[in-house]
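Residue indices begin at 1 and follow the sequence shown.
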Amino acid sequence: MTTTAPRMDTLTRDALTVLQPGFTGTTAPDWLLRRLGEGLASVGLFGRNITSPEQLAALTARLRREREDVLVAIDEEGGDVTRLEVRSGSSFPGNHALGAVDDVGLTRRVAAELGRRLAECGVNLNWAPSADINSNAANPVIGVRSFGSDPGLVARHTAAYVEGLQSAGVAACTKHFPGHGDTAVDSHHALPRIDIGADVLRERELAPFRAAVAAGTRAVMSAHILVPALDPEFPATLSQRILGGLLRRELGYDGLIVTDGMEMRAIAGTYGIERGSVLAVAAGADAICVGGGLADDETVRRLRDALVDAVRSGELPEERLAEAARRVRELAAWVPRVPAAGAPAPAPEVGLDAARRALRLTVGERGFTPLSGEPYVASFTPVANIAVGDETPWGVAAELERRLPGTVAGSFDGTAAGETSGAAAGRVAAEAALAGAGTRRIVAVVRDEHRHPWMARALDVLLAARPDTVVVEMGLPQAAPRGAVHVATHGAARVCGAAAAEALLGT
């Protein structure tokens, strides 16, 4: 049964068509079904909406009973950012692991298998891949979501990912244009600024986006970043110079432009979501992503009305809104209603194979003695950024427990014992880990040690007391390897933990 909805005028339907809202719960609420009947053409899904592949397939089927050509979007990068497997960890390593292997065929196979699983669940638009270059290793939001720091490497793997994902009938959305890799601020919290010259940006940051356009990416997501060399006034999402000039005219891109989440503080805290959405569409964006934080009918109504009012006041040309809605409908017409004919056959081991190949093991002067008895796993845990979230388990403790029953684990963070200084917090965390370990061999698990002084201090104390400690780095391996054995996984996906466990056991 479909919900009844009043007939909407063309302007109002177009305003609804360009929105990509989210919702809470694991079933489609009545308000969302009603909006689909009124003209809404896209729905965004998050980890909160998913409990299993079967539940997800039933959810997307219900949406399609309301609107057959609905775009169902998700933020499924694999690796650290997973929504399909938010409660277990991803079966696929993320971009940095794939970049470490540097086999474009493998990247294409991973993306194709991920796309196949999305398509089987009824998802047809993936807000991935991240094409950002790790220009700044201290970046708080990109990190292992990037293929690497070399523009050529990132470009070829971005293209391979796009090709693999779309071979399964799932539209790729390459992000975050024009490149979020050289920022020191998370745009979820504030407006980042990139102070590089336009020539550097064109040669470095834009290389992966050129490759994605050449590979036929069906969508591109804008970044909420200020790049004064391109536009000193507006962030990329709201900049006609960047979206209309650079992306459309210079790069020759004619597909869908999607904004990053409009409720992120970089936009909501500076322009507000209504004003920001109007400016984004006027600048050249075709779809307004909102729903990660604001996920209700009131948000949809507010944004719809803001766009309609802007057209009626003359601030937003009606032709621009109509063009944006047309691009949404064109993408909806491209994606298949069922998995694409000739889609890749299931490849269940491709993710674990990629994680194994990405792993780097460095042996210290003491040599490598595989774990035998039950170890103590001390996880030094940073605060997760919003894109990754804190719902998804990570580390090697669970994988070691499967192989060595009796493994004991402890988790420590930079606020140990209420200490505020990095050195003090690290010392307290290390002392707590030593007390918990007793005589067991210690496996110390870190994530981006180079970005967290307290974490580096914890390792200093731990290794001074227990030189046979094994260190597993599951973030960017920027700090020098140390410990009896140092394992770099290039990401914290579940399969990265499995690969690390195998290596520590010598299997």
Closest non-hydrogen atom pair, [X] against [Y]:
X	Y	result
L462	A433	CD1-CB, 4.3 Å
A112	A168	O-CB, 3.8 Å
R204	P151	CG-CG, 3.7 Å
M262	I273	O-CG2, 3.3 Å
R145	V81	NE-CG2, 3.7 Å

Side chains of [X] and [Y]: do they bring a donor and an acceptor to under 3.5 Å?
X	Y	value
S239	D231	yes
T259	S222	no
H176	D132	yes
E85	S91	yes
T381	S411	yes

Check this for me: does any side-chain nitrogen of one of [X] and [Y] sit under 4.0 Å from a carboxylate oxygen of the other?
X	Y	answer
K175	D75	yes
R108	E163	yes
R156	D102	yes
D460	R482	yes
R116	E113	yes
D103	R357	yes
E250	R202	yes
E473	R447	no

Given the rule in the side-chain contact (heavy atoms from CB on, under 4.5 Å) test, do L361 and V363 qualify, once you have shown the distances and angles that lead to the verdict? CA-CA 7 Å; L361 187 147; V363 178; 3.3 Å; yes

Interatomic distance, CG@L459 vs OG1@T469, rounded to 0.5 Å, equals 8.5 Å

Any side-chain to backbone donor/acceptor pair from N49 onto T26? Under 3.5 Å, distance only. no

Passing candidate, side-chain contact (heavy atoms from CB on, under 4.5 Å) with S90, options T392, V495, T82: T82

Find out whether L206 and F177 are in side-chain contact, i.e. whether some heavy atom of one side chain is under 4.5 Å from a heavy atom of the other. yes

